[in-house]
Colleague: 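Here it is, the structure, as C-alpha cells.
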Number of protein chains: 2
Amino acid sequence: MPDHTVDSCAPHADRVEESHAEIRAAFGAFAGKWKLEILWLLSQRMHRFNELKRAIPGVTQHMLTQQLRELESDGMVRRTVYPEIPPRVEYEITDDTLRLRPVFEAIFVWSRQRQAARAGNDADDAAA
Amino acid sequence: MPDHTVDSCAPHADRVEESHAEIRAAFGAFAGKWKLEILWLLSQRMHRFNELKRAIPGVTQHMLTQQLRELESDGMVRRTVYPEIPPRVEYEITDDTLRLRPVFEAIFVWSRQRQAARAGNDADDAAA
DNA sequence: CTGTATCCGTTTAGATACTG
DNA sequence: CAGTATCTAAACGGATACAG
C-alpha cells in the first residue's frame, strides 16, 4: 500500500524523521520483557492465565499479571472473566494485535536467514 | 525455504513449539531498551557514536555504549575505530541486521493500520 | 570525540503468603 | 484457578565526573 498522505517528491530526510517518530511509537507499544512473547502466543490462539504462565518459562505470576494489565490498557489484549467456580479468565488478542502476525513472520524469516548464514559461515570456515 | 527437517504431516503442536523456541531466540537478539532503535537507525546508514547519541533522544552515553557492545558481540553491528585525533568510531549494520528491514517495514505497516483503525473508531464514535 | 568509572534511584525478579 | 500483597535482592538505567 503506497503512502499517499505524503508527497512522494518530499526530501528523503523528512521521511526518515517521520519514520523515526513512528517507529519509536511502535516500538514503545510492545516494549517490555515479556510482551512480544505474550502477544505471539496470543496471536496463535486464546490462552488462559495459567496456560500463559506455563507456556512462558521464567515468567512469574507477578510479572505476567503486570504485563497483561499493561497490554490490556493499551488495547492490545482483551481480558474476559467468567464468574465461575473455579474462576476462568481468557486472554485474546484484539484486531490491533492480530495485525502483528506479519511482524512475527518477518522475524521468523530473519531468524532463519541468520541461522542459515551462520551455518554457511561455519561451513566456509571448516572448508578453509 | 521450507523446513525439511520436520515431516510436514506432523501435528500442528510440534510446529508451534518449534516456533516458540525460535521466536524466543529471535526476540532475545534485540531485547534491550534501545537496540531496536539503534538497529533501525543503522539500517538506514552508517552512524558515528555521537550521531547515534543525538539521534536517540533520552539515551545516555552509558547505555548507548553498553547496548552497542552487546550488539557487536552478537554480530549485529560492526564497529570500526579510526586511530585519529580526534577519535572517530563508525557503526554499521552487518548482513544479519540488513535483513531486519522487512521486520521494520512490517512494524511500520502495523503502526499505520493501528492509527487508521483508531481514527476510524473515533469517526464511528463521533457519527454515532 | 569516544569512551570508562562511579554513585544512586528505579525497575525487574523471585519467594512467599493470602484471597474470592 | 487466577489472582493480590509484601518483602527482598538483583539488574537496569541515568547523571555526573573523568580520561585517552
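Worth knowing before you read on, the calculation uses all heavy atoms, side chains too, and leaves out hydrogens, waters and symmetry mates.
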Colleague: Could you see if A:V109 belongs to whatever hydrophobic cluster contains B:W40? Use Ile, Leu, Val, Met, Phe, Trp, Tyr and a side-chain cutoff under 4.5 Å.
Modeller: no

Colleague: Counting heavy atoms from C-beta on, name the nucleotide in C:dG3, D:dA2, C:dA13 closest to the side chain of A:W34.
Modeller: C:dA13

Colleague: Does any part of the side chain of A:V89, heavy atoms only, come nearer than 4.5 Å to the side chain of A:T80, both counted from C-beta?
Modeller: no

Colleague: Between A:F49 (CZ) and D:dG3 (P), how many Å, whole number?
Modeller: 5 Å

Colleague: Would you mind reading off the distance between A:Q66 atom CD and C:dT12 atom P, rounded to a whole angstrom?
Modeller: 6 Å

Colleague: OP1 or OP2 of D:dT4 sitting under 4.0 Å from any side-chain N/O of A:R69?
Modeller: yes

Colleague: I'd like to know if A:E92 pairs up with A:R45 as an ion pair, taking the criterion as any Lys NZ or Arg NE/NH1/NH2 lying under 4.0 Å from an Asp or Glu carboxylate oxygen.
Modeller: no

Colleague: Can you identify which nucleotide, out of D:dG13, C:dT4, D:dA2, has its nearest atom closest to the A:P87 side chain?
Modeller: D:dA2

Colleague: Out of C:dC1, C:dA13, D:dA2, which has the shortest distance to the side chain of B:P86?
Modeller: C:dC1

Colleague: What is the distance, rounded to the nearest whole Å, between atom CD of B:E72 and atom C1' of C:dG3?
Modeller: 13 Å

Colleague: Salt bridge (Lys or Arg N to Asp or Glu O under 4.0 Å) between B:E72 and B:R78: does it pass, once the steps are laid out?
Modeller: CA-CA 6 Å; B:E72 190 191 358; B:R78 179 169 35 253; over 6 Å; no

Colleague: Please determine whether a side-chain nitrogen or oxygen atom of A:R48 lies at a distance below 4.0 Å from atom OP1 or OP2 of D:dC1.
Modeller: no

Colleague: Separation of B:M63 atom CE from D:dT16 atom P, in whole Å?
Modeller: 17 Å

Colleague: Under 4.0 Å, heavy atoms only, any strand: does B:E84 hit a base, just the sugar-phosphate, or nothing?
Modeller: nothing

Colleague: Hey, does the side chain of B:Y91 come within less than 4.0 Å of C:dG3's phosphate (OP1/OP2), counting only N and O?
Modeller: yes

Colleague: Looking at A:K53, I'd like to know whether one of its side-chain N or O atoms comes within less than 4.0 Å of OP1 or OP2 on D:dC1.
Modeller: no

Colleague: Let's see if you can work this out: which of C:dT2, D:dT4, D:dT6 has an atom nearest to the side-chain heavy atoms of A:H62?
Modeller: D:dT6

Colleague: Any idea which of C:dG3, D:dG3, D:dG20 is nearest the A:T65 side chain?
Modeller: D:dG3

Colleague: Figure out the CG/P separation between B:L68 and C:dT2, and round it to whole Å.
Modeller: 11 Å

Colleague: Just the rounded figure in Å: distance from P of C:dG14 to CD of A:Q67.
Modeller: 12 Å

Colleague: Using OP1 and OP2 only, check whether a side-chain N or O of B:K33 sits under 4.0 Å from D:dG14.
Modeller: yes

Colleague: Starting at OH of A:Y82 and ending at P of D:dG3, how long is that distance when rounded to a whole Å?
Modeller: 13 Å

Colleague: Pick the nucleotide of DNA chain C nearest each of B:R79 and A:G58; which residue has the one closer to the 5' end?
Modeller: B:R79

Colleague: Closest nucleotide of DNA chain C for A:T60 versus for B:N50: which of these residues is on the 5' side?
Modeller: B:N50

Colleague: Whole Å only: how far is the CD1 atom of B:I85 from the P atom of C:dG3?
Modeller: 14 Å

Colleague: Between the side chains of A:R48 and A:E90, is the shortest nitrogen-to-carboxylate-oxygen separation below 4.0 Å, so that they form an ion pair?
Modeller: no

Colleague: Of all heavy-atom pairs between A:K35 and A:A29, which one has the smallest distance, and what is that distance?
Modeller: CD-O, 4.4 Å

